[in-house]
Amino acid sequence: MCGIVGYIGGNQAVPVLLEGLKKLEYRGYDSAGVAIGGSRICVRKYKGRLSVLAKHLSSENLDGTMGIGHTRWATHGEPSDMNAHPHINKTGGIAVVHNGIIENYMQIKAFLIEKGCTFVSETDTEVLAHYIDYFYDGDLTEAVRKVLREIRGSYAFAVISDKEPDRIVCVKKENPLIIGAGEGENFIASDIPAVLNQTRNIYLLEENELAVVKKDQIIFYNESGGVVEKEKFEINWDVSAAEKGGYEHFMLKEIHEQPKAVRDTMYARVKREEPGIKLDKITLTNEMLRKISRIYIVACGTAYHAGMVAKQALENMTGIPVEVAIASEFRYVCPTVNRDSLTIVISQSGETLDTLMALKEAKKKGSRVLSIVNVQGSTIARESDDVLYTRAGPEIAVASTKGYTSQLTAIYQLALYLACLKGSLSETEIEEIKSEMLKLPEKIEKILEKQEEIRSFAKQYASIEDVFYLGRGLDYALALEGSLKLKEISYIHSEAYPAGELKHGTIALIVPGTVVIAILTQNALYEKMISNIREVKARGAFVLAIAQEDMGEVESVADHVIFIPRVDARLAPVVGIVPMQLLAYYMAAERGCDVDKPRNLAKSVTVE
Ligand code: M6R
């Protein structure tokens, strides 16, 4: 989704801003622009890829050592030069870049039009530039504060003024914004990779905080205007972790990073030589757990699919009833959340607004919140009572892969941890599951060795337009994730169905040649799945099965089988998803799709 960068220092701003924006491309966008500050502000912004902006900028010399830049993902108004950010006031002396949504912009716009302002774009952002101008009385920070009192919504924005060219004023509410601290120069950005080539020292803006960023000084203010002292934190991951490292796409690189992501997520928590599970930073006590009558899981997209697996793991291992809800639906479908609930929030980015709003709703109702998050210091992590970090490293491709498998790894740890607290599993059972978990990375490696087999299958079937994914129980959760992977990056229509449900209507769509992907990782459901495969075969479907090694019989029913190593059925999703990720990847690559940045999508979805 939209990306913000800002620079103030001694170097030329244009190259720094372009480099930062490049690192934010993965978030998804449809136009880009910069405003270079000084005693006169110059704005350049264009529809299309960053390369369009870069090409225009290369033909002129925009001199200036401070500025702001933006990649826009359209919400209010189509992608166009006019709607691209930065937006300016009528004199062009104030420029703003903004992520998120100003919900009451229509009222403000009407008010400003009455005061004589003319609007040139369809965006909500443009009101910010005019409104700051309206309140401006020689103090940019004060004008921004006055605006903050009037606007509603969720946002992060950065403002510069030609009257105060020594500063960038920026604000964060429910949208990410970080500040990178350099020597005689400072940076702002929506995400850490954008500044990592410049500095490893980062400040995180908290909710409703405002920062005044100058080249030698950064001052943080809380909502009531008081100065806040903040600790810098140092990024310890390598820049190369956010680069492609020889792979054609980030997605393929991230698929291959899964053994490491899973191993790292277990590190120091799941140990062969030590009994139980160690989750150091979790403060949930046995006493608190005893009061919990129900667990709610909230998440979106892939994280929601991980949540479906979590429901089964938690119910089986702890006996506590679990509801899993799509975050944007949470407040409508889970009205019973209360003080006796534990809400588990799952999010790779830790910034998904639907998930954050569900978290806030749960807290409002008195629930304790534990989050499973990948990005350290993200808003969801900071708003939660407890955080269990996955350690997947930066996930850049829009399609989540290592994010998902590391979420599953964390979920099993949590389920075991709670089972230990509650005494719902015996020590032997716990040690058995742990020992199976520790084998997961090498099982993923085994599947990655099948890359060529999957690639050649994808090559053969890349032109299909419909696919059905079928599974039962945990394999249905896997089917949903496999189907989402395929559709979001290859644009092939695909649907996931509980295999037994197909005959209640959807089987009408199965005609000769329809491709069906049947998932069989659950030994207990094997026979029923075989019957369902026979049903679609009888209608002429082509069946690709994904099955455990010891399910040889499936070869006589399906047209092609990709075998995965034998794995404990409870943990099978971590292994079973990998061939489907590779399949989606190669289908999309074969069709010439923009795999890492699929159309209409954003990595971090920061609007509701
Ligand atoms: O960052 P989050 O895990 O909160 O993101 C949730 C979804 O937006 C995300 O999983 C999305 O569905 C991905 N594109 C799936 O590959």
Side-chain angles (χ1 to χ4, degrees), residues 1 26-28 73 154 174-176 190-192 249-252 254-255 258 261 265 297-310 324-330 343-360 369 371-384 387-390 392-411 477-478 480-491 494 496 577-578 580-585 588 593-608:
M1 210 138 266
Y26 75 90
R27 295 168 67 86
W73 186 84
S154 54
E174 292 160 6
N175 268 254
S190 299
D191 201 356
I192 293 166
H249 294 102
F250 279 111
M251 183 177 174
L252 189 59
E254 289 161 6
I255 289 173
Q258 292 181 105
T265 301
I297 299 176
V298 288
C300 304
T302 289
Y304 169 74
H305 298 152
M308 290 177 72
V309 176
V324 51
I326 289 176
S328 55
E329 291 288 306
F330 177 64
T343 303
I344 299 178
V345 170
I346 310 175
S347 174
Q348 185 285 129
S349 62
E351 298 295 348
T352 302
L353 194 56
D354 285 328
T355 312
L356 178 63
M357 296 320 274
L359 180 160
K360 290 192 171 176
V369 174
S371 62
I372 296 177
V373 172
N374 192 41
V375 177
Q376 290 216 0
S378 56
T379 311
I380 288 176
R382 282 181 279 156
E383 294 275 321
S384 305
V387 190
L388 178 55
Y389 279 111
T390 52
E395 192 180 60
I396 307 291
V398 163
S400 183
T401 54
K402 62 175 180 172
Y404 175 74
T405 41
S406 57
Q407 278 160 359
L408 295 181
T409 310
I411 284 160
L478 259 183
L480 283 166
E481 176 55 11
S483 167
L484 175 63
K485 277 306 78 96
L486 184 74
K487 67 186 126 193
E488 71 178 327
I489 60 167
S490 74
Y491 317 142
S494 88
I577 193 60
V578 182
M580 287 183 265
Q581 295 169 339
L582 285 168
L583 184 67
Y585 171 77
C593 299
D594 190 348
V595 176
D596 286 337
K597 299 186 282 289
R599 71 181 177 213
N600 304 340
L601 295 184
K603 181 64 184 164
S604 176
V605 183
T606 48
V607 292
E608 271 188 280

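Note that ligands are numbered from 1 as they come in the structure, with each ligand's atoms numbered from 1 the same way. Residue numbers count from 1 along this sequence.
Of all atoms in ligand 1, numbered sequentially from 1 with element shown, those under 4.0 Å from a heavy atom of S400 are 15 (C), 16 (O). Taking a cut-off of under 4.0 Å to the non-hydrogen atoms of A303, the atoms of ligand 1 that pass are 3 (O), 10 (O). Distances below 4.0 Å separate heavy atoms of S349 from the following atoms of ligand 1: 1 (O), 2 (P), 4 (O). Set against the non-hydrogen atoms of T302, the atoms of ligand 1 under 4.0 Å away are 10 (O), 12 (O), 15 (C), 16 (O). In the vicinity of K485, heavy-atom distances shorter than 4.0 Å reach the ligand 1 atoms 15 (C), 16 (O). Those atoms of ligand 1 that come under 4.0 Å of a heavy atom in A399, given as number and element, are 16 (O). Each of the following atoms of ligand 1 lies closer than 4.0 Å to a heavy atom of E488: 13 (C), 14 (N), 15 (C), 16 (O).
Taking a 4.0 Å cut-off on heavy atoms, S604 fails to register as neighbouring ligand 1.
Distance CZ/F330 to CG/L359: 9.0 Å, rounded to 0.5 Å.
For atom 8 (O) of ligand 1, the closest non-hydrogen atom on the protein side is V605 CG2, 4.1 Å. Shortest contact from atom 6 (C) of ligand 1 to any protein heavy atom: C300 O, 3.3 Å. In terms of protein heavy-atom proximity, atom 3 (O) of ligand 1 is closest to Q348 N, 2.7 Å. Closest protein heavy atom to atom 2 (P) of ligand 1: T352 OG1, 3.2 Å.
For the pair E351/V375, no side-chain contact is recorded, criterion being any heavy-atom separation below 4.5 Å from C-beta on. By the 4.5 Å heavy-atom criterion applied to side chains, I489 and C593 are not counted as neighbours. Here the side chains of K603 and E395 are in contact, with some heavy-atom distance below 4.5 Å. The shortest distance between side-chain heavy atoms of T401 and Y585 does not fall below 4.5 Å.
Looking at I346 next to ligand 1, no N or O pair under 3.5 Å apart turns up. Of the polar atoms of K603, none of the N or O atoms is found under 3.5 Å from an N or O of ligand 1, judged by distance alone.
Remark: the S400 side chain and the T302 side chain contain no N/O donor-acceptor pair separated by less than 3.5 Å.
Contact detail for Y389 and A381: the closest heavy-atom pair is OH-CB, 3.4 Å. Contact between S378 and G350 at its shortest, heavy atoms only, is OG-CA, 3.4 Å. The shortest non-hydrogen separation linking A306 to I411 is O-CD1, 3.5 Å.
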